[in-house]
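Both backbone and side-chain heavy atoms feed into the values below; hydrogens, waters and symmetry mates do not. Throughout, a chain's letter reflects where its sequence line sits, starting with A, and its residues are numbered from 1.
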2 protein chains.
Amino acid sequence: MTAPLERKRHASVHTLERGRVRRLEIIEAATELFGSAGYRGTGLAGIAAQVGVTQAGLLHHFGSKEKLLEAVVAHRSEQDAALIDEIIGTGGLGMFDRLHLLARHNTKRAGLSQLFTVLVAENLLPEHPAHDFFLDRYRTLRSALVTALKDGRKRGEIRKDVDLKAVSRRIVAGLDGLQTQWLLDPDEVDLIEGYKELGASFKRELRA
Amino acid sequence: MTAPLERKRHASVHTLERGRVRRLEIIEAATELFGSAGYRGTGLAGIAAQVGVTQAGLLHHFGSKEKLLEAVVAHRSEQDAALIDEIIGTGGLGMFDRLHLLARHNTKRAGLSQLFTVLVAENLLPEHPAHDFFLDRYRTLRSALVTALKDGRKRGEIRKDVDLKAVSRRIVAGLDGLQTQWLLDPDEVDLIEGYKELGASFKRELRA
DNA sequence: CCACACTTGCCTTCTGATCGGTAGGTAGGT
DNA sequence: ACCTACCTACCGATCAGAAGGCAAGTGTGG
């Protein structure tokens, strides 16, 4: 195993940009591997190999495995935020008709959905490295939902006798749980169909 | 660290029974550690140390780490089956009033709930060691729910225009998802309350 | 009733692989 | 000259697991 590891793949490019590109390549490889084998089950060597770099070369960019995890998670999170905003939109019941956007996004890149499912489970306890990130993520998501539902209530779309915090927890639970079943058993569980039914059910429940 | 490791703790007991007891001790320790650090994040040495046995002593009983995982999962599964039966009972809407049994069971031993949440995530892909187990578990659970709901429909408790398979997926998703949120954030999410609301919501949706 | 073979429990010791991470160097662009 | 990228080489720790032995309980034939 003394493969010469072709050098200077980016020879003609600015040094600075080469670094940025490498970082992205590493993040993408790490996303894929963390998603399928989990954070703990993935070695730096494996990620490095996939990028075509040594393990030390990888650490040159990210310093430690945990920093790499943070980078992966932050990278993914940015992309998510926009989508969430688009779905929740101006609030009210309309968002339940836009869940197909989320479904399409998730099915298109199943590896990313899997990454999050795995990482949440790996970080349930406070001492785990990304626990606080996910804690915050869920709280933020639930409170965004509460706000959106309140909006809908103000406009008279949504009944006044429902506990919006409780409903938000159940919405998130339903989305999460369906995704898990779909990831585990894509032949039996159709995510798009599942989200559609879930949205319809909440609309019936909440409609004024 | 040359602690003499007190021998013959079970000196006066039949050899056969000592083995059975040890196995159980190991399964319990493994359950706890797999639950908090995951399968991949837990070393045999850690489990062995907690039981007060060497790593080799542990492998004497289970042969390999993967066999130990199977034993842990099977052990837990037996206990579950009874509870599931008790809740689903004779079918129909009544089961939604019995979800507090599940909630109590889960909250009483949070480590066990966590074990399953972590293991499911670690076994989403077909090549993972316990993938088939969880695939089967979810399919069985959903089909048990379908049967129970059909029963309720036959007795006229449940409306005839609902897709029972879809509802079953959503019930499982809701339970699972709420559990995850509770494990991650027990201060903000009350599992017992959550299950109660979930059950009430499904009853409203399904009632004939 | 007892000697001997066998089984079971569990030990110590070891192995090769892999883990995350450090140190120090070189090449090339700025 | 200095910075960035990335290398080789190495570190100690930990991983799952195999090998082989000793001690104690168990079943069996004499």
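- Residue R23(A) is classed as a sugar-phosphate contact, given heavy-atom separations below 4.0 Å to backbone atoms only.
- For L33(B) and dT14(D), the CG to C1' distance is 15 Å, given to the nearest whole Å.
- Taking atom CD on E66(B) and atom P on dA16(D), their separation rounds to 12 Å, with Å as the unit.
- The side chain of H60(A) sits closest to dT4(D) out of dA23(C), dT4(D), dC19(C).
- Separation of atoms NZ (K65(A)) and CG (L58(A)) is listed at 11.0 Å; rounding is to 0.5 Å.
- The shortest distance between side-chain heavy atoms of R137(A) and V120(A) does not fall below 4.5 Å.
- Here the P atom of nucleotide dG21(C) and the CZ atom of F62(A) are 13 Å apart, to the nearest Å.
- Nearest to the side-chain atoms of L44(A) among the listed nucleotides dG21(C), dC15(D), dC7(D) stands dG21(C).
- Salt bridge R204(A)/E205(B): present, at least one basic N to carboxylate O contact under 4.0 Å.
- dG9(C) atom P lies 6 Å from atom NE2 of H61(B), rounded to whole Å.
- For the pair R22(B) and dC10(C), the criterion of a side-chain N or O lying under 4.0 Å from OP1 or OP2 is met.
- Each of I192(B), D190(B), D187(B), T107(B) was compared with W182(B) under the side chain to side chain contact (heavy atoms under 4.5 Å, CB included) criterion, and only T107(B) meets it.
- Heavy atoms of L59(A) sit under 4.0 angstrom from at least one base atom.
- By the 30° and 60° cut-offs, the orientation of the rings of F96(A) relative to F202(A) is parallel.
- In this entry dT13(C) has dA18(D) as its Watson-Crick or G-U wobble partner, both defining distances falling under 3.5 Å.
- Rounded to an integer number of Å, the gap from I47(B) CD1 to dC15(D) P is 10 Å.
- Contact between the side-chain N/O atoms of T54(A) and the OP1/OP2 oxygens of dC6(D) is not found at any separation under 4.0 Å.
- Rounded to an integer number of Å, the gap from NZ of K67(A) to P of dG21(C) is 11 Å.
- Computed from coordinates, the L58(A) CG to dT8(D) P distance equals 14 Å when rounded to whole Å.
- One interatomic measurement links the two molecules: CD of Q55(B) to P of dC14(C), which rounds to 15 Å at whole-angstrom precision.
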